[in-house]
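So the structure is just underneath, and the comments pick up after that.
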Amino acid sequence: MTIEIKSPTFPESVADGTVANWLKKEGENVSQDEVIAEIETDKVVLEVVAPIDGTLIKIIKNEGEVVNSAEIIGEFSEGSSDVVETKNLNEDTKDSSEEKIDNKEDKKPKTNNSKLGPAAKKMITENNLDIDTIKSSGKDDRVTKADVINHLEDSKPKSTMLQPPANLGNRPEKRVPMSRLRSTIANRLVAVQQETAMLTTFNEVDMLPIKELRSKYGQEFEKQHGVKLGFMGFFVIAAVQALKKSPLVNASIDGSDVVYHGYQDIGVAVSTERGLVVPVIKDADTKSLPDLEKSILGYSEKARDGKLSIEEMQGGTFTISNGGVFGSLLSTPILNAPQTAILGMHSIKDRPVAIDGQVVIRPMMYLAMSYDHRLLDGKEAVRFLVSIKEQLESPERLLLNL
């Protein structure tokens, strides 16, 4: 029984996707619920799993091709694949040769003891290939369709355009297409720069109170709540409280309208191998510090494993980006449209500062807030950033829920 393999049903906010990877090859056996392909959208990578135990018999949409929601991308057969011996391939070639009207002699591929899947057999026959020259990578030394494709690619003459000039020595280059996620990120960043009046204001915060708090209550916090006490949870709470004081920072522009949001959904930027993603902590104003730390940890792990759903990345009224984990001392974060502002965290460095007329060494962090000047005046933006600074420098034990 042949079963159609379809791409996932995309949400309304996702127009289409791209076949990122086929993890299984034609003729390969797969188990039920085993991932056979990955579809990359503008936001996340979606997995396509095998409906039952069986065999992938046909790939309709190859890697790199665009697919729509619930579009057929392949065919699946219940049960194990039929293995064809190479000698049958020769017999089929002979039969087809005898049926030709002009009785011309066809070139027949040589034989060996390798096994062939039906797709590989067809390609070898059509291209009159010598099977002895094809490297096999399948199970039990089976020549797969991918092996045949790779053999054909290797047989093509190399373009001289890709070869380095003789006078430059060995300076190879590699050209690969930009991933769909990376392309989407690039387009949105350019659009933000062109369509908003983005400006950045800076401040610095003394992180000693929070570091002392983590040192004093960190073990007790982890023991009681099952999660480590980090820095991001404090920043999320500080941002929520500051947003309540400055509703305009929590708003967004929609055409000629200003949309005020009566909730605080905080996006937390996470860097992955595929690019930057921003999972959103919904209703962050209703969550305690332990709940926030659990949400942040869970989203970070899912992001790095590529398991984030589109729903977990939609929305958001304000974003926090932490470049400090990579060693950034100071930067200007770019807005996450259509949001009005974004907060950038940076590395904590011991620096001399003046406190009560005395020069002391304190762990200091630069804060950067980029905002859309079309909606926010400098006064409002600076006041918001100062509010975050004041909260972080005076944390309360009640925030720990101990």
Side-chain angles (χ1 to χ4, degrees), residues 1-28 30-78 119 145-146 176-192 252 254-255 259 265 267 269-270 272-282 298-299 301-317 319 336-339:
M1 181 178 66
T2 301
I3 302 173
E4 295 177 341
I5 302 173
K6 296 184 178 180
S7 61
T9 301
F10 303 148
E12 293 182 1
S13 61
V14 178
D16 51 34
T18 302
V19 180
N21 295 297
W22 276 100
L23 303 181
K24 296 296 179 180
K25 302 172 183 177
E26 287 186 352
E28 195 169 349
V30 294
S31 303
Q32 183 176 1
D33 296 329
E34 188 176 1
V35 179
I36 57 178
E38 294 178 332
I39 307 296
E40 186 178 37
T41 70
D42 294 347
K43 299 180 178 180
V44 295
V45 176
L46 304 175
E47 295 179 342
V48 180
V49 299
I52 54 176
D53 293 342
T55 306
L56 176 63
I57 59 175
K58 186 177 182 181
I59 293 176
I60 297 176
K61 290 288 186 176
N62 294 315
E63 294 181 1
E65 292 191 39
V66 177
V67 296
N68 297 317
S69 178
E71 183 178 358
I72 299 174
I73 62 173
E75 293 181 354
F76 191 84
S77 177
E78 185 177 3
K145 179 182 177 181
V176 296
M178 188 179 292
S179 70
R180 189 181 187 90
L181 179 59
R182 186 74 258 172
S183 178
T184 300
I185 293 173
N187 292 334
R188 289 182 177 176
L189 292 178
V190 172
V192 167
S252 60
D254 184 12
V259 181
D265 290 351
V270 178
T272 70
E273 292 182 355
R274 295 180 180 270
L276 189 71
V277 295
V278 186
V280 178
I281 303 175
K282 303 293 178 63
Y299 282 148
E301 292 176 348
K302 293 177 71 174
R304 293 185 177 93
D305 294 337
K307 303 296 184 181
L308 279 174
S309 66
I310 294 178
E311 290 75 16
E312 291 172 326
M313 299 174 62
Q314 288 180 326
T317 61
T319 297
N336 185 18
Q339 298 171 20

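Looking at heavy atoms from C-beta onward, I3 lies in side-chain contact with I52 at the 4.5 angstrom threshold. Between F76 and I57, the closest side-chain pair of non-hydrogen atoms is not below 4.5 Å. A 4.5 Å side-chain heavy-atom check between L56 and K25 finds every atom pair outside the cut-off. Under the 4.5 Å side-chain criterion, counting only non-hydrogen atoms from C-beta, I281 is not in contact with D265. Here the side chains of I39 and T18 are not in contact, with every heavy-atom distance at 4.5 Å or above.
Only one option out of V49, I5, L23, I73 pairs with I36 in a side chain to side chain contact (heavy atoms under 4.5 Å, CB included); it is I5.
In this structure, the side chain of Q339 engages the main chain of T319 through a donor-acceptor pair within 3.5 Å. Panel note: side chain E301, backbone G298; no donor-acceptor pair is recorded below 3.5 Å. Side-chain atoms of E312 never come within 3.5 Å of backbone atoms of Y299 as a donor-acceptor pair (strictly under, hydrogens ignored).
For K282, the salt bridge (Lys or Arg N to Asp or Glu O under 4.0 Å) test picks out no residue, with sequence neighbours left out.
Atoms CG and CD, from N62 and E65 in turn, are 5.0 Å apart once rounded to the nearest 0.5 Å. Within the model, atoms NZ of K61 and CD1 of I72 stand 10.5 Å from one another, a figure rounded to the nearest 0.5 Å. Note: N336 CG to T317 OG1 = 10.5 Å, rounded to the nearest 0.5 Å. We find the CD-OG distance between E38 and S7 to be 14.0 Å, quoted to the nearest 0.5 Å. We find the CD-OG1 distance between E71 and T9 to be 12.0 Å, quoted to the nearest 0.5 Å.
Between Q314 and V280 the shortest heavy-atom distance is O-CG2, 3.7 Å. When all heavy atoms of S31 and A50 are compared, the closest pair comes out as O-CB, 3.3 Å. Across E47 and V35, no two heavy atoms sit closer than the pair OE1-CG2, 3.5 Å. The shortest non-hydrogen separation linking P338 to S252 is O-CB, 3.2 Å. Between A337 and V192 the shortest heavy-atom distance is CB-CG2, 3.8 Å.
No side-chain N or O of Q32 forms a donor-acceptor pair with one of D53 less than 3.5 Å apart.
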Q: Please lay out, stage by stage, how E28 and T55 fare under the test side-chain hydrogen bond (donor to acceptor under 3.5 Å, both in side chains).
A: CA-CA 6 Å; E28 195 169 349; T55 306; over 6 Å; no
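The 12-atom threshold is exceeded at NZ of K302, counting heavy atoms of other residues, nucleotides or ligands nearer than 6.0 Å.
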